Peer 1: 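Quick one: this structure, given as structure tokens, is what I'll be asking you about.
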Number of protein chains: 2
Amino acid sequence: MSTIRAKRKPSSRRLLPGEREKQIVSEAIRFFSEVGFSGQTRELSRRLGITQPLLYRYFPSKRALLERVYREVFLGRWDPAWRTLLEDRSRPLRARLIEFYRRYTTVVFRPEWIRLYMYAGLAGTGFNRRYIDMLEKQLLRRICAELRVELGLPDSRRARISPFEMELAWDLHGGIFYYCVRKFIYRSRVHEDLAALIEHAVDSLLLGAPTVLGRLLGRKRPPTSIRR
Amino acid sequence: MSTIRAKRKPSSRRLLPGEREKQIVSEAIRFFSEVGFSGQTRELSRRLGITQPLLYRYFPSKRALLERVYREVFLGRWDPAWRTLLEDRSRPLRARLIEFYRRYTTVVFRPEWIRLYMYAGLAGTGFNRRYIDMLEKQLLRRICAELRVELGLPDSRRARISPFEMELAWDLHGGIFYYCVRKFIYRSRVHEDLAALIEHAVDSLLLGAPTVLGRLLGRKRPPTSIRR
DNA sequence: GCCGCTGATGATCAGGCGATAATCTACACG
DNA sequence: CGTGTAGATTATCGCCTGATCATCAGCGGC
């Protein structure tokens, strides 16, 4: 009787393996980002409208599913075009940084990303370290290099970028990241204008860096002013 | 035979209730900050060198123990003397902020505090919200007020401190907090000079704020320069 | 030196959890 | 329509984990 069969969600029965797997991963990302790694497979399967053993048809263990979730979320979200954007010296650095973080926050700094990233960090998995290494290489070091160019300081190929300079870049990045932490993890009331926050964070770096870097290199005054 | 009895740690047997309780709470703070709330009572008791049921003599449930841990860590670490320090206008604001964060980081921004705070945030307990409310009231709003005085802007009692101004203070606080997150949660290699980082974070605020606040209030130039 | 109070332990329960194996059934093909 | 393949389910195992209860044993008072 079709009426009896219709009681089951038709979408959840007898899917192609590829589709079912995508469906599981997609829901697992949402699920584990909400409740953490200790979230139970039974609860996940219930959300999917399937039985719990079915998960084990697609993933040999819960651990394997979690690793798939990580891979999905942390790898492949970095857009190579961002490098071009950051290094386009025909535009003022301020504009480049603002546009970069506007794009970055829409793709990366999302609730499920932030929360999984923090869970992964607390659990001590290697994902954070790997991501941080990537970030320092792809983003922060590049910002430092562009900052030197903008300020007329020695080229980054001639003088190695110092750990202290990196901290300046981390301060910019961390300021924006921490805003997202307050919003998505602490669920605190935050000033809703992210665009304005990004502008301010960028300005903080650009206004503070000349003095701080100048002091670092033994100068009293900013070498040049910031183009706007 | 005393030799047989000596096999047991004498310190762990037959303690006064008060002492045993302190011992449990102290180890529980370390334990749960490392492994998170899903840490098991058996593992905790093993670390303490006691049996697991003994925990239930002192706390009716695991939840009760966790709440005691939170209370211990999050309440009562705020030193009322810090208010006096922050509002001592005989000293430059820069010096006050630097000294405050030097003290604050030694007491509050410690590994077990940071990690428990993050676990609590992810779990959605009310502790973070409460702490953030306290922080905004006790610290951030005060920083904004002092910043206005320093810059010769309207008194905070006459014109209410805006959400955007609060974001400036959050940016300072978040920068230092995020440094600790990288260090204690991500266990990333960080530039070890925390004192220098604090100075830079404070300078960033003080150098950036005049421009940003001036812009906010429709001025072109910083109202006054920053005392050093 | 006995005794009672209470801190501490050993044994165990009930429910939860990841994982497995046997069974069922939807769908394509002839 | 029958039939085989493979997606999906039902039943269940074994272990873990929070919590309970009866029992043991250290220590002070008489």
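All values reported here derive from a predicted model rather than from experimental measurement. A note on names: the letters A, B, ... follow the listed sequences, proteins ahead of strands, and every chain is numbered from 1.
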Peer 1: Using a strict cut-off of less than 4.0 Å between a Lys/Arg side-chain nitrogen and an Asp/Glu carboxylate oxygen, indicate whether A/R47 and A/E34 qualify as a salt bridge.
Peer 2: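 Salt bridge: yes.
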Peer 1: Could you work out, with ring pair (Phe, Tyr, Trp, His ring centres under 6.0 Å) as the rule, every residue matching B/Y186, not counting sequence neighbours?
Peer 2: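 B/Y186 satisfies ring pair (Phe, Tyr, Trp, His ring centres under 6.0 Å) with A/Y117 only.
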Peer 1: Charged N to carboxylate O under 4.0 angstrom, B/D88 versus B/R83?
Peer 2: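 B/R83 and B/D88: not salt-bridged.
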Peer 1: Kindly point out which of C/dG7, D/dT9, D/dA8 is positioned nearest to the side chain of B/P17?
Peer 2: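 Among the listed nucleotides, the one closest to the side chain of B/P17 is C/dG7.
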Peer 1: In whole angstroms, how far is the P atom of D/dG7 from the CD atom of A/E19?
Peer 2: 12 Å
Peer 1: Salt bridge or not for A/E87 and A/R142, using N-O below 4.0 Å?
Peer 2: yes
Peer 1: Please give, in whole Å, the distance from D/dC24 P to B/R57 CZ?
Peer 2: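 Answer to the nearest Å: 16 Å.
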Peer 1: Measure the distance from CG on A/L16 to C1' on C/dA26 and round it to the nearest whole Å.
Peer 2: 12 Å
Peer 1: Are any protein N/O atoms closer than 3.5 Å to N/O atoms in nucleotides 19-23 of chain C? If there are, list each pair with its distance.
Peer 2:
| from | atom 1 | to | atom 2 | distance (Å) |
| --- | --- | --- | --- | --- |
| C/dA19 | OP2 | A/Y56 | OH | 2.7 |
| C/dA19 | OP2 | A/K62 | N | 2.8 |
| C/dA19 | N7 | A/Q52 | NE2 | 3.0 |
| C/dA19 | N6 | A/R42 | NH2 | 3.4 |
| C/dA19 | N6 | A/Q52 | OE1 | 3.0 |

Peer 1: Heavy-atom count check: over 12 atoms from other residues, nucleotides or ligands less than 6.0 Å from B/R77 CZ?
Peer 2: yes
Peer 1: Parallel, tilted or perpendicular: which describes the rings of A/Y178 and B/F177, with under 30° parallel and over 60° perpendicular?
Peer 2: tilted
Peer 1: For B/L55 and D/dG18, give me the distance from atom CG to atom C1', rounded to whole Å.
Peer 2: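 Distance, rounded to whole Å: 11 Å.
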Peer 1: Rounding to an integer number of Å, can you tell me how far B/L54 CG sits from D/dA22 C1'?
Peer 2: 16 Å
Peer 1: If I take atom CD in residue A/E21 and atom P in nucleotide D/dA6, what distance separates them, rounded to the nearest angstrom?
Peer 2: 17 Å
Peer 1: In whole Å, what is the span from the CG atom of B/L48 to the C1' atom of C/dT9?
Peer 2: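 Computing the B/L48:CG to C/dT9:C1' distance gives 15 Å.
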Peer 1: What nucleic acid atoms does A/F59 come within less than 4.0 Å of, heavy atoms only: base, sugar-phosphate, or nothing?
Peer 2: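 No contact.
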Peer 1: Could you tell me how far apart A/L15 (CG) and D/dA6 (P) are, to the nearest whole angstrom?
Peer 2: 17 Å
